[in-house]
K.L.:
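Before I ask anything, here is the structure I am working with.
Atoms within a ligand are numbered from 1 in the order they appear, just like the ligands themselves.
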Amino acid sequence: MIEKRTLRVALLGAGSVGSQVAHLLLTHREELAERAGAELELAGIAVRNLDAPRDVELPRELLTTDAESLIVGSDIVIELMGGIEPARTHLLTALTSGADVVTGNKALLATHGAEIFDAADQVGASVSYEAAVAAAIPIIRPLKDSLAGDRIQRIFGIVNGSTNFILDKMDREGLSAEEAQRIATDLGYLEADPTLDLEGYDAAQKAAILASLAFHTKVSLEDVHREGIENVTADMIEGARRAGFVVKLLAVCERLEDEGEEAISVRVYPALIERDHPLASVHGGNNAVFVEAAAAGALMFYGAGAGGLETASAVLGDVVSAARRHIAGGVGVGESPRMSLPTAPIGRILTRYQVRLEATDEPGVLATIAGIFAEGGVSVATVDQSQGDEGLASIVIGTHRAREQALSDTVARLAASDAVERVVSVLRVEGE
Ligand code: HSE
């Protein structure tokens, strides 16, 4: 029997994902060696604090605070520290010293992805990052490999588990945003800096990564239009429920035509989804991503979007694949950002909207409101009027697909009109 080669694996970070990765590498060693075609020797685990409590117990002798020494001489470097620095420097060192890299660092890839991928291309190494988007759900490899022969038109879905948990609690249990957020915090669902989740940064980083792959174009965080769930109230959720919708924080990446040119739009915002749409049944901290491709049609990827063990599954898959490449030799499969499609401004997107207003309940008011929509070139699809507070009429107007710019101009005119007391909310409707 030919003896297997041993590959040195360096792990940077032993948080909730890192500690599970270390545990699996140590306890599944034989099985992983069979799959990878090489012994995967966990050479060390770089941590900031040797004495920090861990989710699983790790051999003390593997822990080190000297990441640089651990990286140099390793065949595979797994980066699960998160953040930009020192993760960026460590990954560049790993690549220049000949290692293949596995990372779950969405913030780094969404801001410095081009630099990392260029460094990998220069030395022919591979950078794998299945864990960076939607944790356990295989979505990077399908986009990069399985669908490489197809033309992706649109990706949309729920890529942030903690905000989905909060919105789901509000929808199903009638909780306020504060109550739902408190439960999510107590369960440890939110990032250490909760604004990353609540203000949509986490979802925007993932959207940038997905769009780069889907459209073969360099898309970074600043190309993503981002709105979080900070302004979503229990009242909005209840209004959506009455109208047959559920509110979800969505990431949308799509091709569109902008002034005759092919362009892309990448955006994250809370939007209405019809209650019978599959995304409406994505509950708790789960994620789901729809990919629409020209030949394959619509594909749905669903599962756990967070969690130490679940995310470790994605990391280990990348480690096995990096080990196989390392053994086989040859250059790593690089990214393909060669299309350089421009990003269209948010005003150019076409979608449906639901506008909630409060207006005086008098003859001619509805006609005035309808006239403002008509002047703005926004076609009304549905009108629902009910008795609001203090003798005011509560009016919910659903539109046909309209340009965002036309809709926002219309909303500004509504807000300025004497017929309208207050524009209560404006939400996009996605999922067609
Ligand atoms: N904060 C992320 C989420 C964790 O809530 O989805 C997984 O990336």
Side-chain angles (χ1 to χ4, degrees), residues 13 15-21 55 78-84 87 102-111 113 128-140 143 155-171 177 180-213 221 224 226-230 232 247-253 268-270 279 282-290 301-318:
S16 60
V17 181
S19 55
Q20 294 289 357
V21 167
D55 288 0
I78 309 171
E79 185 273 307
L80 297 168
M81 322 167 72
I84 307 301
V102 175
T103 177
N105 194 330
K106 57 213 161 190
L108 181 62
L109 293 176
T111 50
S128 316
Y129 49 95
E130 188 62 70
V133 180
I137 306 171
I139 182 69
I140 300 299
L143 288 175
I155 297 179
F156 75 105
I158 298 163
V159 294
N160 181 270
S162 48
T163 51
N164 196 59
F165 177 89
I166 291 169
L167 295 173
D168 192 42
K169 277 268 172 211
M170 292 170 75
D171 180 60
Q181 195 178 311
R182 191 160 1 92
I183 297 171
T185 307
D186 290 348
L187 290 169
Y189 282 7
L190 289 155
E191 298 275 339
D193 173 3
T195 57
L196 290 175
D197 291 315
L198 301 173
E199 296 182 14
Y201 287 98
D202 176 89
Q205 289 162 354
K206 293 166 179 167
I209 294 170
L210 293 178
S212 302
L213 280 171
L221 187 58
V224 183
R226 176 190 52 78
E227 296 170 35
I229 65 163
E230 321 87 282
V232 177
V247 179
K248 295 287 188 191
L249 183 70
L250 292 186
V252 183
C253 316
V268 166
Y269 44 53
L279 282 184
V282 176
H283 298 302
N286 283 316
N287 284 187
V289 182
F290 268 82
F301 300 80
Y302 169 82
L309 188 58
E310 294 84 344
T311 312
S313 160
V315 174
L316 262 292
D318 278 349

K.L.:
Can you list the ligand 1 atoms lying under 4.0 Å from a non-hydrogen atom of Asn160?
P.N.:
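Numbered from 1, ligand 1 contributes 1 (N), 2 (C), 3 (C), 5 (O), 6 (O).
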K.L.:
Tell me whether Asp186 is salt-bridged to Arg182, with the criterion being a basic N under 4.0 Å from an acidic carboxylate O.
P.N.:
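Salt bridge between Asp186 and Arg182, a charged N being under 4.0 Å from a carboxylate O: no.
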K.L.:
I'd like to check whether Tyr189 has a polar contact with ligand 1, where a contact means an N/O of the residue lying under 3.5 Å from an N/O of the ligand.
P.N.:
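Looking only at distances, the answer is no, because the N/O contact criterion of under 3.5 Å is not met.
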K.L.:
Do Asp318 and Tyr129 meet the criterion of a side-chain donor-acceptor pair at a distance under 3.5 Å?
P.N.:
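No, no side-chain donor-acceptor pair sits under 3.5 Å.
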K.L.:
Parallel, tilted or perpendicular: which fits the ring planes of Tyr189 and Phe165, with parallel below 30° and perpendicular above 60°?
P.N.:
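Taking Phe165 first and then Tyr189, their aromatic rings stand perpendicular (interplane angle over 60°).
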K.L.:
Nearest to atom 7 (C) of ligand 1, what protein heavy atom do you find, and at what distance?
P.N.:
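That would be Gly305 O, 3.4 Å.
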K.L.:
If you measure every N/O of Ala306 against every N/O of ligand 1, is any gap under 3.5 Å?
P.N.:
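There is no such contact.
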K.L.:
If you measure every N or O of Lys106 against every N or O of ligand 1, does any of those distances drop under 3.5 Å?
P.N.:
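It does: an N or O of Lys106 is found under 3.5 Å from an N or O of ligand 1.
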K.L.:
Is it the side chain (CB and beyond), the backbone, both or neither of Asp197 that lies under 4.0 Å from ligand 1, heavy atoms counted?
P.N.:
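Looking at Asp197 and ligand 1, just side chain atoms fall under 4.0 Å.
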K.L.:
Looking at ligand 1, does any of its N/O atoms fall within less than 3.5 Å of an N/O of Asn287?
P.N.:
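Looking only at distances, the answer is no, because the N/O contact criterion of under 3.5 Å is not met.
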K.L.:
Check for me whether Ala135 has a heavy atom closer than 4.0 Å to any atom of ligand 1.
P.N.:
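Not so, Ala135 does not reach ligand 1.
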K.L.:
Without swapping roles, check the side chain of Asp197 against the backbone of Glu191 for a donor-acceptor pair under 3.5 Å.
P.N.:
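Yes, Asp197 side chain to Glu191 backbone: donor-acceptor pair under 3.5 Å.
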K.L.:
For atom 6 (O) of ligand 1, what's the nearest protein heavy-atom neighbour? Residue, atom name and distance, please.
P.N.:
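The closest one turns out to be Gly161 N, 2.7 Å.
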K.L.:
Tell me: protein heavy atom nearest atom 4 (C) of ligand 1, and distance?
P.N.:
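Atom 4 (C) of ligand 1 sits closest to the protein heavy atom Glu191 OE2, 3.5 Å.
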K.L.:
For residues Val133 and Ile139, report the shortest heavy-atom separation together with the two atoms involved.
P.N.:
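Looks like O-CG2, 3.7 Å.
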K.L.:
Taking Asn164 for the side chain and Lys248 for the main chain, is one N or O donor matched with an acceptor at less than 3.5 Å?
P.N.:
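It does not hold such a pair.
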K.L.:
Provide the closest heavy-atom pair for Ala135 versus Thr311 in the form atom of the first, atom of the second, distance.
P.N.:
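So the two residues come closest at CB-OG1, 3.4 Å.
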